[in-house]
Amino acid sequence: QVQLVESGGGLVQAGGSLRLSCAASGRSFSTYTMAWFRQAPGKEREFVGGITWRGSSTYYADSVKGRFTCSRDGAKNTVYLQMNGLKPEDTAVYYCAARFLAAITEIRDDYNYWGQGTQVTVSS
């Protein structure tokens with residue numbers, strides 16, 4: 001079992017930046033591939049980006065590539081999503097998710113553990 005708690009969301013103007021954090025507790029954090037998803041009102045939850053359990057690889061959705069960066073700190077059991085160049089269409093609830101010793105995928109059902117989400121609102 002692993003428990004995930006996101007933080008760092010808020011209101012920001014277009015072009016601004018935010019850094020989301022996801023703190024993990026429970027089973028060994030270093031054995032989990034971590035991902036970020038987001039869900040806008042009336043839309044399906046979509047993959048944003050992810051980082052492998054070793055932290056050696058990252059992968060991003062085309063919509064955020066070059067603007068968002070995933071990283072992880074094993075000492076703090078935390079994964080981060082640095083979001084730069086934010087756009088109004090990035091407005092959503094952002095969730096972190098975990099899957100045990102596996103590759104990053106864009107498929108929501110591949111992830112076993114989820115946080116409660118944090119709201120990001122980008123004003124134009």
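In what follows, every heavy atom counts, from backbone to side chain, and hydrogens, waters and symmetry copies are set aside.
- Put simply, the side chain of Arg108 never gets that close to the backbone of Glu44: no donor and acceptor are under 3.5 Å apart.
- The number of heavy-atom neighbours closer than 6.0 Å to NZ of Lys65, taken from other residues, nucleotides and ligands shown, is above 12.
- Salt bridge annotation for Lys87-Asp90: absent, with no cationic side-chain nitrogen under 4.0 angstrom from a carboxylate oxygen.
- Taken from OG in Ser17 to CZ in Phe68, the straight-line distance is 9.5 Å, to the nearest 0.5 Å.
- Note: Met34 CE to Thr58 OG1 = 14.5 Å, rounded to the nearest 0.5 Å.
- Phe47 places a side-chain heavy atom less than 4.5 Å from the side chain of Ile104.
- Cluster membership for Tyr95 and Leu18, using ILVMFWY side-chain heavy atoms within less than 4.5 angstrom, is not shared.
- Of the inter-residue distances, the one linking Thr33 atom OG1 with Phe100 atom CZ reads 10.5 Å to the nearest 0.5 angstrom.
- The line from OG1 of Thr91 to CD of Gln119 is 7.5 Å long, rounded to the nearest 0.5 Å.
- Under the 4.5 Å side-chain heavy-atom criterion for Ile, Leu, Val, Met, Phe, Trp and Tyr, Trp114 and Val2 are members of distinct hydrophobic clusters.
- The distance from the CG atom of Leu81 to the CH2 atom of Trp36 is 6.0 Å, given to the nearest 0.5 Å.
- Checking side-chain atoms of Gln116 against main-chain N and O of Glu6 turns up a donor-acceptor pair under 3.5 Å.
- Residues Tyr32 and Ile51 form no side-chain contact, since every pair of their non-hydrogen atoms from C-beta on lies 4.5 Å or further apart.
- The backbone N or O of Lys76 sits less than 3.5 Å from a side-chain atom of Thr78, completing a donor-acceptor pair.
- A donor-acceptor pair under 3.5 Å is absent between the side-chain atoms of Arg45 and the main chain of Val93, judged by distance alone.
- Tracing side-chain contacts under 4.5 Å through hydrophobic residues (I, L, V, M, F, W, Y), one reaches Val79 starting from Tyr94; they form part of the same cluster.
- Within the structure, no pair that satisfies the disulfide (SG to SG under 2.5 Å) test touches residues 37-91, not counting sequence neighbours.
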Passes side-chain hydrogen bond (donor to acceptor under 3.5 Å, both in side chains), Tyr111 versus Arg99? Steps please. CA-CA 5 Å; Tyr111 294 84; Arg99 64 188 307 232; 5.3 Å; no
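- For the pair Ser124 (side chain) and Pro88 (backbone), a donor-acceptor distance under 3.5 Å is absent.
- Within the structure, disulfide (SG to SG under 2.5 Å) pairs that include any residue of residues 94-124 comprise Cys22-Cys96 (at least two apart or interchain).
- Across Gly49 and Tyr60, no two heavy atoms sit closer than the pair CA-CD2, 4.0 Å.
- The side-chain heavy atoms of Val64 and Arg38, taken from C-beta on, include a pair separated by under 4.5 Å.
- Figure legend: Arg19 and Tyr80 shown as a cation-pi pair, the cationic atom lying under 6.0 angstrom from the six-membered ring centre and within 45 degrees of its axis.
- Under the 4.5 Å side-chain heavy-atom criterion for ILVMFWY residues, no single connected hydrophobic cluster contains both Val5 and Val120.
- Put simply, CZ on Arg67 and CE on Met83 are 9.5 Å apart, with the number rounded to the nearest 0.5 Å.
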